[in-house]
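Input: a single structure, listed below in structure tokens.
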Amino acid sequence: MKELFSEIRGAVLGTLVLAIVCCGLYPLVVFGISQALFHDKANGSLILDSNGTVRGSRLLGQSFTADKYFHPRPSAAGTGYDAMSSGGSNLGPTSQNLNDGRAQRIADDRAQSGLATSAPVPADAVTASGSGLDPHISLRNAELQTPRVAKARGLSEDKVREFIRANTDTADLGFLGEPGVNILPLNLALDALTAK
């Protein structure tokens, strides 16, 4: 019996020590390192306006529909860019709903961008990302939206292109993926310019 209690005491003590180390000390060390070395990223890469109000995150897209804004790629997350319902539509390539929706988005994008009815449209203008929360659009998509945004804001297209360049994220490590335009900081920067 004495041996049994000795084993139980060892198991309980081992559990307590591991609980303190794994559930207390280790998370505190990781939290401290992340706050010290990666403060912005560890706190959600938040975008603040001049008043310190959180406007969003560099990591999550938002819906913009007015002509003066660059429009994001479509989102299948909930009612659109709903982080609580992140995910794709789960419609397969033979789905008539998927094909009809894509055809409608192609027609809408051509109309908004002033393109011919047979002009090619960037894929990211008419298809959702896997998460439905992607904050980036392609450089081609941004270029096609430039005339509409410039006209709506009363700016030259060259001025709008300067803002696009300033808000373009390069490929990761310089070679992984394609450059992309993060439209939330781009739209906020254009708002700040036209508010002056």
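Note that these values count all heavy atoms, side chains included, but never hydrogens, waters or copies made by symmetry.
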- Query: With the 4.5 Å side-chain cut-off for hydrophobic clustering, are Val12 and Leu4 part of the same group?
  - Reply: yes
Worksheet entry | Verdict with supporting geometry, Arg58 and Asp169, salt bridge (Lys or Arg N to Asp or Glu O under 4.0 Å) | CA-CA 11 Å; Arg58 294 189 62 79; Asp169 295 333; 3.2 Å; yes
If you group Ile, Leu, Val, Met, Phe, Trp and Tyr by side-chain heavy-atom gaps below 4.5 Å, do Tyr81 and Ile137 land in one group? no
Heavy atoms, side chains only, cut-off 4.5 Å: are Gln35 and Asn43 in contact? yes
Give every donor-acceptor pair under 3.5 Å between a side-chain atom in residues 113-121 and any protein atom, sequence neighbours left out.
from: Ser113; atom 1: OG; to: Asp109; atom 2: O; distance (Å): 3.2

More than 12 non-hydrogen atoms from neighbouring residues, nucleotides or ligands closer than 6.0 Å to CD on Glu178, yes or no? no
Residue set satisfying ring-ring contact (aromatic ring centres under 6.0 Å, His included) with Tyr69, at least two apart, ordered chain then number -> Phe64
- Task: Classify the side-chain pair Asn167/Asn182 by whether it contains a donor and acceptor separated by less than 3.5 Å.
- Result: no
query = Do Leu184 and Leu60 sit in the same hydrophobic cluster, where Ile, Leu, Val, Met, Phe, Trp and Tyr count as joined when their side-chain heavy atoms come under 4.5 Å apart?
reply = no
| message | Could you tell me if the side chain of Phe70 sits less than 4.5 Å from the side chain of Ile164, heavy atoms only? | response | yes
Next item on the list: Would you mind checking if Asp100 and Arg105 are paired as a salt bridge, meaning a charged N to carboxylate O distance below 4.0 Å?
Entry: no
One should read off an interatomic distance between Ser131 OG and Asp134 CG, to the nearest 0.5 angstrom, of 6.0 Å
Closest non-hydrogen atoms of Leu98 and Gly92, given as atom of the first, atom of the second and distance, are CD2-O, 3.3 Å
Can you tell me if Arg148 uses its side chain to pair, donor with acceptor, with the backbone of Asp67 under 3.5 Å? yes
Side chain to side chain, Arg73 and Val126, heavy atoms closer than 4.5 Å | no
Please test Lys151 against Glu157 for salt bridge (Lys or Arg N to Asp or Glu O under 4.0 Å), starting from the C-alpha separation and ending with a verdict.
CA-CA 8 Å; Lys151 181 180 177 186; Glu157 290 184 23; over 6 Å; no
Worksheet item: Any side-chain heavy-atom pair from Leu133 and Asp82 closer than 4.5 angstrom?
Response: no
Query raised in the report: Ile47 and Leu188: side-chain contact (heavy atoms from CB on, under 4.5 Å), yes or no, with the steps?
Result: CA-CA 9 Å; Ile47 298 173; Leu188 291 175; 3.7 Å; yes
Correct closest heavy-atom pair for Cys22 and Pro27 would be O-CD, 3.3 Å
Output for pair (Phe163 CZ, Leu155 CG), nearest 0.5 Å, gives 7.5 Å
Closest heavy-atom pair, Ala171 versus Leu176, reported as atoms and distance to 0.1 Å, is CB-O, 3.4 Å
* Asked: Are the side chains of His136 and Thr168 in touch, meaning some heavy atoms are under 4.5 Å apart?
  -> no
Check your understanding: Does the distance from a Lys or Arg side-chain N to an Asp or Glu carboxylate O, for Glu162 and Arg165, drop under 4.0 Å?
Key -> no
Might you confirm whether atom CZ of Arg55 has over 12 heavy atoms from other residues, nucleotides or ligands at distances under 6.0 Å?
-> no
Using the rule that Ile, Leu, Val, Met, Phe, Trp and Tyr join whenever any side-chain heavy atoms are under 4.5 Å apart, tell me whether Leu28 and Leu37 fall into a single cluster.
no
Among the clusters formed by ILVMFWY side chains lying less than 4.5 Å apart, do Leu186 and Leu193 turn up in the same one? yes
Discussion item. Using side-chain heavy atoms (C-beta onward) and a distance below 4.5 Å, is Arg153 in contact with Leu190?
Written reply: yes
CZ of Arg110 to CG of Leu144, rounded to nearest 0.5 Å, is 11.0 Å
Problem - Contact check, side chains of Glu143 and Arg161, non-hydrogen atoms, under 4.5 Å - result: yes
Correct closest heavy-atom pair for Gln62 and Gly56 would be NE2-CA, 3.5 Å
*asked:* Could you check whether any side-chain heavy atom of Leu48 comes within less than 4.5 Å of a side-chain heavy atom of Thr53, counting everything from C-beta outward?
replied: no
All heavy atoms of Ser57 vs all of Gly44, minimum pair found to be OG-O, 2.7 Å
Can a side-chain donor-acceptor contact be found between Asp108 and Gln112 if the only test is distance below 3.5 angstrom? no
Residues Ser63 and Thr65: closest non-hydrogen pair is OG-CG2, 4.1 Å
